Novice: 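Questions regarding the structure given below will be posed in turn.
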Amino acid sequence: MGFEYQEGELYCDGLKIKTIADEVQTPFYLYSSEILISTYESYKKAFSKIDTLICYATKANSNLAILNTLAKKGSGIDVVSGGELFKALKAGFPPEKIVFNGNGKTRQELEYALENDLLMINVDSINELFVLNQIASEKTKKAKIAIRVNPDVNPITHHYIATGLAKSKFGVNIHEVKDIYLQASKLENVEIKGIHCHVGSQIIQTNLYGEVLQKVIKLAEELHEIGIIIEYINLGGGLGIRYHDEDVPTIEHLSEIILPYIINTNYKLILEPGRSIVGEAGILVTKINYIKKGFHKYFVIVDAAMNDLIRPAFYKSYHRILPVVEYNMENEGLIADIVGPICEDGDFFARERLLPKPEEGDLLAILDTGAYGFAMSSNYNMRPRIAEVMVSNGKYYIIRQRESYEDLVNKEIIPEGLS
Ligand SMILES: *Cc1c(COP(=O)(O)O)cnc(C)c1O
């Protein structure tokens with residue numbers, strides 16, 4: 001299952017990737033529904049001893065078919081914008097399994113959330129709390145909320161994705177949040193349901209979750225003492241995956257850290273994994289167009305680019321890259337930069353990577369790109385966004401068509417009155 005070699009050819013859930021590539025053309029994202037489903041089920045199983053709702057973080061990959069696959073398995077979902085809420089509803093998630101996050105929700109987004117009676121809205125500041133209460137009263141609704149706390153812990157991850165530091169823009173200082181809960185408890189149109197936090201992404205030290213939980217449970221107990229009952233503890237997402245040779249905790253391991261804190265309490269748990277659910281379920285399939293010798297090194301120039309996958313340029317992240325058809329191993333290897341055709345020096349997928357001697361026309365698979373791959377793609381350099389394909393039950397399906405040149409212009413207008 002998943003991505004594996006059989007007799008020198010890379011397969012996805014039993015289908016030969018070369019065959020799919022010949023039919024849909026490169027580049028494209030390819031997802032394994034077997035990996036997607038089994039990863040979601042690992043979460044369910046690991047946390048089955050307590051009342052847990054897994055709320056997949058839409059932003060990691062918001063393709064409707066991916067969302068629908070998870071919705072059918074009973075997953076909940078975390079959305080961070082009106083657009084994501086729209087897609088979650090469209091993909092079939094029931095509102096009572098949707099949580100709404102974000103530090104800058106607009107009035108329209110809050111109205112949209114209230115109209116749909118979501119499981120809860122995670123409020124990020126006292127000002128948002130008052131705005132939400134106001135909107136809820138206009139709509140004669142009660143907004144179910146959690147407050148996002150910033151527990152001031154330091155995940156060792158890229159600074160762009162460390163969100164639980166004191167300096168971070170997210171959440172309410174844990175030392176001040178009690179007062180906000182107290183104020184919330186007095187608002188007519190707000191109902192307190194939980195505590196939310198999310199401290200970062202690509203976290204590989206799981207004991208961090210223990211540290212956070214300790215702080216959050218202490219807060220919940222203090223709130224209890226002043227008559228505020230917390231039903232849900234939401235620990236956010238952030239579990240890392242293995243991109244290279246990192247020592248990455250399993251989902252099972254994560255549950256072993258978390259369970260002891262919750263198992264003898266009445267708290268229900270919410271988790272919001274994004275990357276760890278969908279990251280390993282996707283690859284980017286790309287074709288080598290040219291191999292060129294530069295001053296000091298070789299360049300393997302492929303047909304995908306940083307607009308399709310920005311993680312290497314943005315976070316300097318490492319992705320394993322494999323040949324889709326294993327080369328003749330008698331050839332010697334080639335150390336090369338694997339780059340795209342965009343006019344930026346940051347347009348690379350790997351630097352000084354050893355490939356078994358590649359040839360023009362060969363296909364490469366850039367692994368672990370299911371999360372924050374397509375989701376962060378753009379039309380930079382006027383490149384139509386690439387296709388997304390998913391294998392399910394022995395067949396492959398196009399789940400997002402490759403954009404056309406027409407798609408690049410069809411929202412743009414040359415006004416009549418232009419000089
Ligand atoms: C990004 C995000 C997640 C998901 O993070 P992953 O690292 O992909 O698991 C979950 N919750 C919130 C609030 C987020 O911002």
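This one's a predicted model, so the numbers in the text were calculated from it and none came from an experiment. Reckoned from all heavy atoms, side chains included, excluding hydrogens, waters and symmetry mates.
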Novice: With a 4.5 Å cut-off on side-chain heavy atoms, are C197 and N150 touching?
Specialist: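 They are not in side-chain contact.
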
Novice: Does K16 pair with E9 as a salt bridge, N-O distance under 4.0 Å?
Specialist: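 Here K16 pairs with E9 in a salt bridge, since their nearest N and O are under 4.0 Å apart.
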
Novice: Closest heavy-atom contact between I262 and Y267?
Specialist: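 Residues I262 and Y267, closest heavy atoms: CG2-O, 3.7 Å.
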
Novice: List the steps, then state whether side chain to side chain contact (heavy atoms under 4.5 Å, CB included) holds for L67 with N61.
Specialist: CA-CA 8 Å; L67 299 186; N61 186 322; over 6 Å; no

Novice: Please check if the side chain of T58 supplies one atom and the backbone of D78 the other of a donor-acceptor pair under 3.5 Å.
Specialist: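 Indeed, once roles are kept as given, a pair shorter than 3.5 Å links the two residues.
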
Novice: Under a 4.5 Å cut-off applied to non-hydrogen side-chain atoms, are L363 and T286 in contact?
Specialist: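 Contact flag for L363/T286 side chains = no.
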
Novice: For the atom pair CZ (F348) and CG (D337), what is the distance rounded to the nearest 0.5 Å?
Specialist: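 Spacing of CZ (F348) from CG (D337) equals 8.5 Å.
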
Novice: Could you check whether any side-chain N or O of N234 sits under 3.5 Å from a backbone N or O of G236, counting only pairs where one atom can act as donor and the other as acceptor?
Specialist: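 Checking the backbone N and O of G236 against the side chain of N234, a donor-acceptor pair under 3.5 Å is found.
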
Novice: Is the backbone of V278 close enough, under 3.5 Å, to the side chain of Y56 for a donor and an acceptor to pair up by distance?
Specialist: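 Between the backbone of V278 and the side chain of Y56 there is no qualifying donor-acceptor contact (under 3.5 Å).
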
Novice: Checking the side chain of E388 only, and the main-chain atoms of Y29 only, is there a donor and an acceptor separated by less than 3.5 Å?
Specialist: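 It does not hold such a pair.
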
Novice: Could you tell me if the side chain of L30 sits less than 4.5 Å from the side chain of I20, heavy atoms only?
Specialist: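 In contact.
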
Novice: Quick check on L354: does its CG atom have over 12 non-hydrogen neighbours (other residues, nucleotides or ligands) under 6.0 Å away?
Specialist: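 Atom CG in L354 is packed in, count exceeds 12.
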
Novice: Taking only residues two or more places apart in sequence, or in another chain, which ones meet Y243 in a ring-ring contact (aromatic ring centres under 6.0 Å, His included)?
Specialist: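 Applying ring-ring contact (aromatic ring centres under 6.0 Å, His included) to Y243 gives H319.
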
Novice: Using side chain to side chain contact (heavy atoms under 4.5 Å, CB included) as the criterion, list what pairs up with I257, not counting sequence neighbours.
Specialist: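 In terms of side chain to side chain contact (heavy atoms under 4.5 Å, CB included), with neighbours along the sequence ignored, I257 is linked to T206, Y209, H253.
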
Novice: So do the side chains of I192 and S185 get within less than 4.5 Å of each other, counting heavy atoms only?
Specialist: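 Sidechains of S185 and I192: in contact.
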
Novice: Carefully, step by step, assess I263 and T265 under the rule side chain to side chain contact (heavy atoms under 4.5 Å, CB included).
Specialist: CA-CA 6 Å; I263 202 145; T265 69; over 6 Å; no

Novice: Taking only distance into account, with no hydrogens and no angle test, what donor-acceptor pairs under 3.5 Å do side-chain atoms of residues 126-134 form with protein atoms, sequence neighbours excluded?
Specialist:
unit_1 : atom_1 : unit_2 : atom_2 : d
E128   : OE1    : K105   : NZ     : 3.3
E128   : OE1    : D124   : N      : 2.9
E128   : OE2    : K105   : NZ     : 2.7
N133   : OD1    : N189   : N      : 2.9
Q134   : NE2    : E138   : OE2    : 2.9

Novice: Locate the shortest heavy-atom distance separating H198 from G200; write the atom from each residue and the value.
Specialist: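 Smallest heavy-atom distance, with atoms named: CE1-O, 3.3 Å.
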
Novice: Check for a donor-acceptor pair, side chain of T52 on one end and backbone N or O of I50 on the other, with a separation under 3.5 Å.
Specialist: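 Checked: pair present.
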
Novice: Which pair of non-hydrogen atoms, one from N381 and one from C343, has the smallest distance, and what is that distance?
Specialist: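 Minimum heavy-atom contact is OD1-N, 3.4 Å.
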
Novice: Extract all donor-acceptor atom pairs below 3.5 Å that involve side chains of residues 391-401 and protein atoms in other chains or at least two apart in sequence.
Specialist:
unit_1 : atom_1 : unit_2 : atom_2 : d
Y396   : OH     : E23    : OE1    : 2.4
R400   : NH1    : E403   : OE2    : 3.2

Novice: With rounding to the nearest 0.5 Å, note down the distance linking CG in N122 to CD1 in I195.
Specialist: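 Nearest 0.5 Å value for the CG-CD1 distance: 11.0 Å.
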
Novice: What are the two closest non-hydrogen atoms of P27 and L284, and how far apart are they?
Specialist: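 Scanning both residues completely, I find the closest heavy atoms to be CB-CD1, 4.4 Å.
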
Novice: Do N379 and R385 meet the criterion of a side-chain donor-acceptor pair at a distance under 3.5 Å?
Specialist: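 Yes.
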
Novice: Taking the side chain as every heavy atom from C-beta outward, state whether K144 and L118 have any atom pair closer than 4.5 Å.
Specialist: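 Of all side-chain heavy-atom pairs linking L118 with K144, none is under 4.5 Å.
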
Novice: Taking atom CG of L418 as the centre, does the number of heavy atoms from other residues, nucleotides or ligands within less than 6.0 Å exceed 12?
Specialist: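 Yes.
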
Novice: Please step through side chain to side chain contact (heavy atoms under 4.5 Å, CB included) for the pair L239 and I203, ending with a clear verdict.
Specialist: CA-CA 5 Å; L239 182 64; I203 293 169; 6.0 Å; no

Novice: Over all heavy atoms of both residues, which pair between F3 and G282 is shortest? Give the atoms and the distance, please.
Specialist: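 So the minimum-distance heavy-atom pair works out to CE1-N, 4.2 Å.
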
Novice: Give, for atom OG of S75 and atom CG of L70, the distance between the pair rounded to the nearest 0.5 Å.
Specialist: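 Here the interatomic distance stands at 5.0 Å.
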
Novice: Can you find a heavy atom in the side chain of M306 that is under 4.5 Å from one in the side chain of F349?
Specialist: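 SC-SC contact between M306 and F349 ruled out.
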
Novice: Would you check if Y5 and P323 make a side-chain contact, meaning some heavy-atom pair closer than 4.5 Å?
Specialist: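 Of all side-chain heavy-atom pairs linking P323 with Y5, at least one is under 4.5 Å.
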
Novice: Salt-bridge test for K178 and E222: reply yes if a basic N is under 4.0 Å from a carboxylate O, no otherwise.
Specialist: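 So K178 pairs with E222 through a salt bridge.
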
Novice: Ignoring hydrogens and angles, tell me if any N or O in the side chain of E280 forms a donor-acceptor pair with the backbone of I277 under 3.5 Å.
Specialist: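 Flag not set: sc E280 to bb I277 has no pair under 3.5 Å.
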
Novice: If you compare all heavy atoms of G361 against all heavy atoms of K287, which two are closest, and at what distance to 0.1 Å?
Specialist: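 G361 and K287 have their closest heavy atoms at O-CG, 3.6 Å.
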
Novice: Can you name the side chain to side chain contact (heavy atoms under 4.5 Å, CB included) partners of V177, sequence neighbours left out?
Specialist: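 With sequence neighbours excluded, V177 shows a side chain to side chain contact (heavy atoms under 4.5 Å, CB included) to I147, V149, V172, Y181, L219, given in chain and number order.
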
Novice: Test the R351-Y318 pair against the cation-pi criterion, namely NZ or CZ under 6.0 angstrom from the six-membered ring centroid and within 45° of the ring axis.
Specialist: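 R351 over Y318 ring: no.
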
Novice: Listed by chain and number, what are the side chain to side chain contact (heavy atoms under 4.5 Å, CB included) partners of A305, not counting sequence neighbours?
Specialist: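 Result, side chain to side chain contact (heavy atoms under 4.5 Å, CB included) vs A305: N307, D308, P341, I342, D347, R383.
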
Novice: Would you give the length of the straight line joining atom CD1 of I54 to atom CD1 of I270, rounded to the nearest 0.5 angstrom?
Specialist: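 It is 10.0 Å, given to the nearest 0.5 Å.
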
Novice: Going through the distances and angles, do E272 and N101 end up as a side chain to side chain donor-acceptor pair (under 3.5 Å)?
Specialist: CA-CA 10 Å; E272 301 171 339; N101 278 305; 2.9 Å; yes

Novice: Backbone N or O of S32 within a donor-acceptor pair of the D13 side chain at under 3.5 Å?
Specialist: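 Judged by distance alone, no pair lies under 3.5 Å.
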
Novice: Are any of the side-chain nitrogens in R320 or D368 under 4.0 Å away from the carboxylate oxygens of its partner?
Specialist: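 Answer for the salt bridge query: yes.
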
Novice: Any sub-3.5 Å donor-acceptor pair from D407's side-chain atoms to S404's backbone N or O?
Specialist: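 At least one qualifying donor-acceptor pair exists.
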
Novice: When rounded to the nearest 0.5 angstrom, what distance separates OG1 in T26 from CG in D303?
Specialist: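 Going from the OG1 atom of T26 to the CG atom of D303 covers 3.5 Å.
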
Novice: Counting heavy atoms not belonging to E406, are there more than 12 under 6.0 Å from its CD?
Specialist: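 Open: at most 12 neighbouring heavy atoms sit under 6.0 Å from CD of E406.
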
Novice: Between T369 and I366 (side chain of the first, backbone of the second, donor and acceptor by atom type, cut-off under 3.5 Å), is there such a pair?
Specialist: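 The answer is yes, because a donor-acceptor pair under 3.5 Å joins these two groups.
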
Novice: Determine whether more than 12 heavy atoms belonging to other residues, nucleotides or ligands lie under 6.0 Å from atom CG of N410.
Specialist: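 Correct, the count exceeds 12.
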
Novice: Salt-bridged, K215 to E211, with N to O below 4.0 Å?
Specialist: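 No, K215 and E211 are not salt-bridged.
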
Novice: Using 0.5 Å steps for rounding, measure from the OH atom of Y31 to the CG atom of L36.
Specialist: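 If we round to the nearest 0.5 Å, Y31:OH and L36:CG are 10.5 Å apart.
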
Novice: Salt-bridged, K45 to E41, with N to O below 4.0 Å?
Specialist: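 Looking at K45 and E41, the cut-off is not met.
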
Novice: For atom NZ of K18, is the number of surrounding heavy atoms from other residues, nucleotides or ligands below 6.0 Å larger than 12?
Specialist: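 12 or below, so no.
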
Novice: When you look at N63 and N68, which way does the side chain to side chain contact (heavy atoms under 4.5 Å, CB included) test go after all the steps?
Specialist: CA-CA 9 Å; N63 185 286; N68 178 257; over 6 Å; no

Novice: Whether the side chain of R242 engages the backbone of E246 through a donor-acceptor N/O pair (distance < 3.5 Å, no angle test) should be reported.
Specialist: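 A pair under 3.5 Å: yes.
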
Novice: Is there a side-chain contact between K268 and I233 in this structure, where contact means two heavy atoms from C-beta onward sitting under 4.5 Å apart?
Specialist: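 Of all side-chain heavy-atom pairs linking I233 with K268, none is under 4.5 Å.
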
